[in-house]
Amino acid sequence: MNKIKEFLGTKSVGFYLQAATILLAIVGLVSYSVAGTDSYGFVAGVDVLLVFGIAAGVVFSYKDFFRAGPIVVMAFLGSAIGLFLFSRFMYYSHQFYGIASDPMSGAMIATTIAFVGMLVCNVVSAFFPWEKGENKQ
């Protein structure tokens, strides 16, 4: 317990934003997997990119080997969001224009909120120090 307290005691705002990114990515992964059962299809690549992004986020949260952790994580998570939007643009356009035969599911709403939150938290975490006393140059 003391090791965890020591580890978290050295962390700053950027680390906690990255932790929020990882949690939102997990929520997005689960909700997208549930939402993928609808008639608009499911792209497994979104799940794969999310898993790689989550794994990279966990690794770089422990130790940022080359001070580019948020960029690597954002490459995976941003690619997942891009693939998600590419595969779902028809779904969202039907919902936006009111021509959808079915209402927007709760899982799709949760996926959208998680992905937007994940994107914002990860971008913002890159601009804050991850360690207390860390000098950003």
Side-chain angles (χ1 to χ4, degrees):
M1 191 66 166
N2 285 336
K3 288 197 179 250
I4 294 172
K5 199 178 273 189
E6 287 175 23
F7 177 76
L8 293 177
T10 63
K11 299 302 176 185
S12 187
V13 176
F15 171 81
Y16 293 109
L17 285 168
Q18 184 67 24
T21 300
I22 294 167
L23 291 175
L24 286 167
I26 291 170
V27 169
L29 175 67
V30 170
S31 62
Y32 179 70
S33 297
V34 170
T37 60
D38 67 6
S39 60
Y40 289 92
F42 174 78
V43 178
V46 174
D47 278 348
V48 171
L49 288 168
L50 283 172
V51 168
F52 283 152
I54 291 167
V58 169
V59 168
F60 290 126
S61 291
Y62 178 69
K63 177 142 175 72
D64 194 355
F65 299 100
F66 45 90
R67 296 186 50 91
I71 296 167
V72 173
V73 173
M74 194 66 231
F76 285 121
L77 298 180
S79 297
I81 291 171
L83 186 57
F84 167 75
L85 291 174
F86 181 72
S87 67
R88 295 295 177 136
F89 73 92
M90 193 65 79
Y91 178 83
Y92 284 109
S93 66
H94 285 177
Q95 294 295 332
F96 180 75
Y97 287 109
I99 58 174
S101 60
D102 55 340
M104 193 170 207
S105 68
M108 276 310 289
I109 293 170
T111 301
T112 304
I113 291 170
F115 282 1
V116 168
M118 173 181 77
L119 181 70
V120 170
C121 284
N122 193 255
V123 169
V124 172
S125 76
F127 294 100
F128 285 99
W130 286 28
E131 302 277 334
K132 288 184 180 170
E134 182 178 69
N135 248 348
K136 291 292 242 187
Q137 297 177 5

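The model shown is predicted, which means the values in this text are computed figures rather than measured ones.
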Using distance only, find each side-chain donor-acceptor pair of residues 112-122 under 3.5 Å and give its atom names and separation, not counting sequence neighbours.
{"unit_1": "Thr112", "atom_1": "OG1", "unit_2": "Tyr92", "atom_2": "OH", "d": "2.3"}
{"unit_1": "Thr112", "atom_1": "OG1", "unit_2": "Met108", "atom_2": "O", "d": "2.8"}
{"unit_1": "Asn122", "atom_1": "ND2", "unit_2": "Gln18", "atom_2": "OE1", "d": "2.9"}

For this session: For atom CD1 of Ile71, decide whether the heavy atoms of other residues, nucleotides or ligands shown that lie under 6.0 angstrom number more than 12.
Result: no

For this session: Report yes if the distance between the aromatic ring centroids of Phe15 and Phe128 is under 6.0 Å, otherwise no.
Result: no

For this session: Could you tell me the separation between the OG atom of Ser93 and the CD1 atom of Ile99, rounded to the nearest 0.5 Å?
Result: 6.0 Å

For this session: Any chance you could measure Ser61, atom OG, to Leu17, atom CG, to the nearest 0.5 Å?
Result: 11.0 Å

Exercise. Of Asp47, Leu50, Val46, which meets side chain to side chain contact (heavy atoms under 4.5 Å, CB included) against Phe84?
Worked result: Val46

Problem set entry | side-chain contact (heavy atoms from CB on, under 4.5 Å) evaluation trace for Val13 with Phe127 | CA-CA 10 Å; Val13 176; Phe127 294 100; over 6 Å; no

Exercise. Between Ile54 and Leu83, is there a shared hydrophobic cluster once you connect ILVMFWY residues whose side-chain heavy atoms come closer than 4.5 Å?
Worked result: yes

Problem set entry | Exceeds 12 heavy-atom contacts within 6.0 angstrom, atom CZ of Phe52 | no

For this session: Could you list the residues that satisfy side-chain hydrogen bond (donor to acceptor under 3.5 Å, both in side chains) with Thr21, not counting sequence neighbours?
Result: none

For this session: Find the distance between CG (Leu29) and CD1 (Ile22) and round it off to the nearest 0.5 Å.
Result: 13.0 Å

Seminar exercise, completed: Heavy-atom nearest pair, Tyr32 first then Ser87, reads OH-OG, 4.3 Å

For this session: Please check if Leu77 and Val27 belong to a single hydrophobic cluster, counting links between Ile, Leu, Val, Met, Phe, Trp and Tyr side chain heavy atoms closer than 4.5 Å.
Result: no

For this session: Report the distance from atom CZ of Phe60 to atom OG of Ser125, rounding to the nearest 0.5 Å.
Result: 12.5 Å

Problem set entry | Partner residues of Ala107 under the side-chain contact (heavy atoms from CB on, under 4.5 Å) criterion, sequence neighbours left out | Val34, Ala35, Ser105

For this session: May I ask whether Phe86 and Phe42 are part of the same hydrophobic cluster, defined by side-chain heavy atoms of I, L, V, M, F, W, Y residues being less than 4.5 angstrom apart, directly or through others?
Result: no

Problem set entry | Shortest non-hydrogen contact from Ser31 toward Thr111 | OG-OG1, 2.8 Å

For this session: Following the transitive rule for hydrophobic clusters with a side-chain heavy-atom cut-off under 4.5 Å over Ile, Leu, Val, Met, Phe, Trp and Tyr, establish whether Val123 and Phe76 coincide in one cluster.
Result: yes

Exercise. Is there a chain of hydrophobic side chains (I, L, V, M, F, W, Y, each step under 4.5 Å between heavy atoms) that links Val30 to Val58?
Worked result: no

